[in-house]
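First up is the structure itself, then whatever we jot down about it.
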Amino acid sequence: MIVIVGLIAVVIALALVVTVFSVIVAVLAASVAVGFAGLTGVAAGMLATAAGEGAGVPEPQLVGTAVGIIVFLMVAALLLRRMFGKRARAAEAFSKMAAVKGRGLNPQTEPAAEPLERDAAVRAAWDRAQRLVPKAALAHVARARGDCAALLDMADGDTFDPGVIDLAALVRRNVPALVQQLEALSRNATRAEQAELAQGLADDLIRLGTAAHPYADQQRQTLRDGLAALRNHVAARTRG
């Protein structure tokens with residue numbers, strides 16, 4: 001226990017040292033930038049004063065002072081903006097890198113590729129449905145959508161399976177109808193009623209996905225088998 005506490009104390013101390021060092025470096029860098037800007041302003045003021053005296057300008061010292069102050073402010077602002085802008089960009093890049101690494105450690109945070117149905121009405125209905133269903137059911141509804149999309153692709157192909165054709169017609173007809181009815185009922189419903197309607201929609205869509213899953217899985221297996229056969233053919237023809 002003492003060792004653990006000691007390690008924690010060492011880590012905290014190192015973090016404090018790094019933080020203090022970073023602050024000191026930033027202050028020193030800002031001081032150098034302001035000092036350089038001051039020297040530049042003084043030089044510009046002296047040049048303006050000399051130029052004013054040569055041109056016979058009344059009170060050339062005032063002109064030189066004004067020019068020096070303007071140059072000082074412009075140079076200081078430019079240097080400080082560049083300095084802290086680089087720090088901000090570096091911090092943003094680090095945050096993005098950390099976010100990407102975090103997503104790599106937890107693949108579930110990556111958004112799943114959303115299937116695109118050929119039927120525009122069905123696609124729009126699924127899009128609206130995924131905005132309406134409860135968040136807890138969203139992943140299940142997304143899987144149901146994927147299975148239904150695969151089923152619709154089978155029905156749009158050269159299949160003669162009556163089960164695929166009938167279920168595809170059920171999906172095309174009922175998904176838009178379910179969403180439309182829910183939206184109409186939700187307009188004058190209480191929050192509790194809206195939640196109940198949203199859960200009912202999720203349940204209905206999941207049922208459709210469950211019914212479509214065997215056909216979709218069969219299609220995926222057929223595609224996998226076809227790919228394996230094609231790879232074996234390529235391997236056989238290129239074997240030296």
Side-chain angles (χ1 to χ4, degrees), residues 96 99-189 193-240:
K96 289 181 178 179
V100 170
K101 287 184 178 179
R103 287 196 297 267
L105 293 173
N106 185 11
Q108 292 181 349
T109 60
E110 290 288 349
E114 187 172 296
L116 294 178
E117 296 80 7
R118 299 179 188 179
D119 190 319
V122 177
R123 182 168 64 250
W126 277 107
D127 289 340
R128 302 204 312 270
Q130 289 185 281
R131 292 193 294 267
L132 293 170
V133 298
K135 290 183 179 180
L138 187 56
H140 299 290
V141 171
R143 282 195 292 270
R145 180 178 186 176
D147 288 331
C148 289
L151 176 81
L152 294 179
D153 282 341
M154 293 177 66
D156 291 336
D158 55 359
T159 183
F160 294 99
D161 188 332
V164 172
I165 296 172
D166 291 344
L167 187 55
L170 186 69
V171 170
R172 286 194 178 96
R173 182 173 59 253
N174 286 279
V175 172
L178 286 168
V179 175
Q180 184 178 4
Q181 289 294 327
L182 182 142
E183 290 174 335
L185 290 170
S186 295
R187 293 190 185 99
N188 298 318
E193 291 171 339
Q194 289 175 352
E196 184 179 355
L197 289 169
Q199 185 58 54
L201 175 63
D203 293 341
D204 292 334
L205 295 176
I206 292 170
R207 289 191 189 96
L208 288 173
T210 300
H213 179 75
Y215 299 104
D217 195 53
Q218 180 182 358
Q219 184 198 40
R220 296 185 189 105
Q221 186 59 50
T222 301
L223 292 174
R224 284 192 290 266
D225 292 342
L227 178 60
L230 182 59
R231 286 177 174 172
N232 290 335
H233 172 71
V234 171
R237 294 295 300 271
T238 56
R239 188 178 296 118

(message) Can you confirm whether Asp153 sits close enough to Arg118 that some side-chain heavy atom of one is under 4.5 Å from a side-chain heavy atom of the other?
(response) yes
(request) Looking only at non-hydrogen atoms, find the nearest pair between Ala144 and Trp126 and report the distance. (result) C-CH2, 4.1 Å
(request) Using atom types as modelled and distance alone, determine if a side-chain donor or acceptor of Asp217 lies under 3.5 Å from a backbone N or O of His213. (result) no
(request) Could you point out which residue of Asp127, Leu152, Asn174 forms a side chain to side chain contact (heavy atoms under 4.5 Å, CB included) with Val122? (result) Leu152
(message) Distance check, rounded to the nearest 0.5 Å: Ile165 atom CD1 versus Asp156 atom CG?
(response) 10.5 Å
(request) Might you point out which heavy atoms bring Val179 and Ala125 nearest each other, and give the distance in Å? (result) CG2-O, 3.5 Å
(message) Tell me whether Arg237 at atom CZ has more than 12 heavy atoms from other residues, nucleotides or ligands lying less than 6.0 Å away.
(response) no
(message) Measuring from atom CD of Glu196 to atom CG of Leu185, what distance do you get when rounded to the nearest 0.5 angstrom?
(response) 11.0 Å
(request) Assess whether atom CD of Glu183 is packed by more than 12 heavy atoms of other residues, nucleotides or ligands within 6.0 Å. (result) yes
(message) For Pro176 versus Ala121, what's the shortest heavy-atom pair and its separation?
(response) CG-O, 4.2 Å
(request) Inspect the contact between Asp225 and Arg220 and indicate whether a charged nitrogen and a carboxylate oxygen are less than 4.0 angstrom apart. (result) no
(request) Any chance you could measure Glu117, atom CD, to Arg145, atom CZ, to the nearest 0.5 Å? (result) 4.0 Å
(message) I need the Asp147 CG to Leu205 CG distance, nearest 0.5 Å.
(response) 12.5 Å
(request) Look up atom NE2 in His233 and atom OG1 in Thr238, then write down how far apart they are to the nearest 0.5 Å. (result) 9.5 Å
(request) Look at atom CD of Gln199 and say whether more than 12 heavy atoms of other residues, nucleotides or ligands are closer to it than 6.0 Å. (result) yes
(message) Can a donor-acceptor pair be found, under 3.5 Å and without considering hydrogens, that links the side chain of Thr159 to the backbone of Ala155?
(response) no
(request) Of all the heavy-atom pairs spanning Ala216 and Ala150, show the shortest one and how long it is. (result) CB-CB, 3.6 Å
(request) To the nearest 0.5 Å, tell me how far Leu208 CG sits from Leu151 CG. (result) 9.5 Å
